[in-house]
**Student:** 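My structure is below; once you've seen it, I'll send some questions.
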Amino acid sequence: MTIGLEHYLFVSALLFSIGLFGVVLRRSLLIIYMSLELMLNAANLALVAFSRFNNNLDGQVMVFFVITVAAAEVAVGLALIVALYRKHQCAHVEDLASM
């Protein structure tokens, strides 16, 4: 049995749906933030899988830039979460309106 494109896409869709459920159902900002990163990595997995099976490096180059933007997003997002936590001593979604 060989691992085909549909296997990679199934794992990518599964990771994306887990991340989507985390964003929709949770109240903690850290859990929502981790779920967003999981969704981003699921999209990266799909891009790499398409790139590999089409023998074209364009998808892998795109993933490189997406990961670079995600690193900047992590720095800014975590700084905002830490600032919110220091101000209110909790990090729930309801506290975003007070910032």
Side-chain angles (χ1 to χ4, degrees):
M1 180 176 156
T2 61
I3 297 177
L5 178 62
E6 61 274 358
H7 294 99
Y8 287 109
L9 294 180
F10 177 75
V11 171
S12 176
L14 184 68
L15 287 174
F16 192 86
S17 62
I18 291 170
L20 184 64
F21 286 133
V23 169
V24 172
L25 299 177
R26 297 295 178 177
R27 291 180 170 259
S28 173
L29 283 176
L30 287 175
I31 301 295
I32 291 173
Y33 195 66
M34 286 190 304
S35 298
L36 287 173
E37 292 297 323
L38 187 64
M39 292 168 64
L40 187 63
N41 286 327
N44 284 339
L45 177 63
L47 280 172
V48 168
F50 280 125
S51 175
R52 179 176 176 254
F53 282 95
N54 289 330
N55 291 327
N56 191 353
L57 291 178
D58 292 342
Q60 294 178 10
V61 171
M62 180 74 120
V63 167
F64 176 74
F65 288 114
V66 169
I67 289 174
T68 304
V69 170
E73 174 196 0
V74 166
V76 172
L78 286 179
L80 288 173
I81 291 172
V82 167
L84 181 68
Y85 184 78
R86 284 184 180 177
K87 185 175 181 180
H88 295 285
Q89 299 302 319
C90 66
H92 293 293
V93 177
E94 298 88 23
D95 296 334
L96 281 177
S98 65
M99 259 183 110

**Student:** Using the rule that two of Ile, Leu, Val, Met, Phe, Trp, Tyr join whenever any of their side-chain heavy atoms come within less than 4.5 Å, decide whether Leu29 and Leu25 are in one cluster.
**Tutor:** yes
**Student:** Could you name each residue pair satisfying side chain to side chain donor-acceptor pair (under 3.5 Å) that touches residues 30-54, not counting sequence neighbours?
**Tutor:**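 Sorted result for residues 30-54: empty, none.
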**Student:** Same cluster or not: Val48 versus Leu40, using hydrophobic residues (I, L, V, M, F, W, Y) connected whenever any side-chain heavy atoms lie under 4.5 Å apart?
**Tutor:**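 Looking at the clustering, Leu40 is in the same group as Val48.
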**Student:** Spell out, yes or no, whether Ile32 and Phe21 are grouped together once hydrophobic residues are joined by side-chain heavy atoms under 4.5 Å, including indirect joins.
**Tutor:**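 Both belong to a single hydrophobic cluster.
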**Student:** Can you give me the closest heavy-atom contact between Ala42 and Ser12, atom names plus distance?
**Tutor:** O-OG, 2.6 Å
**Student:** Atom CD1 in Ile31, atom CG in Leu36: separation rounded to 0.5 Å?
**Tutor:**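 Those atoms lie 11.5 Å apart.
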**Student:** Apart from Ile3 itself, which Ile, Leu, Val, Met, Phe, Trp or Tyr residues share its cluster (side-chain heavy atoms under 4.5 Å, direct or through members)?
**Tutor:** Leu5, Tyr8, Leu9, Val11, Leu14, Leu15, Ile18, Leu38, Leu45, Phe50, Phe53
**Student:** Can you give the donor-acceptor pairs under 3.5 Å from side chains of residues 60-81 to other protein atoms, not counting sequence neighbours?
**Tutor:**
unit_1 : atom_1 : unit_2 : atom_2 : d
Thr68  : OG1    : Phe64  : O      : 2.8

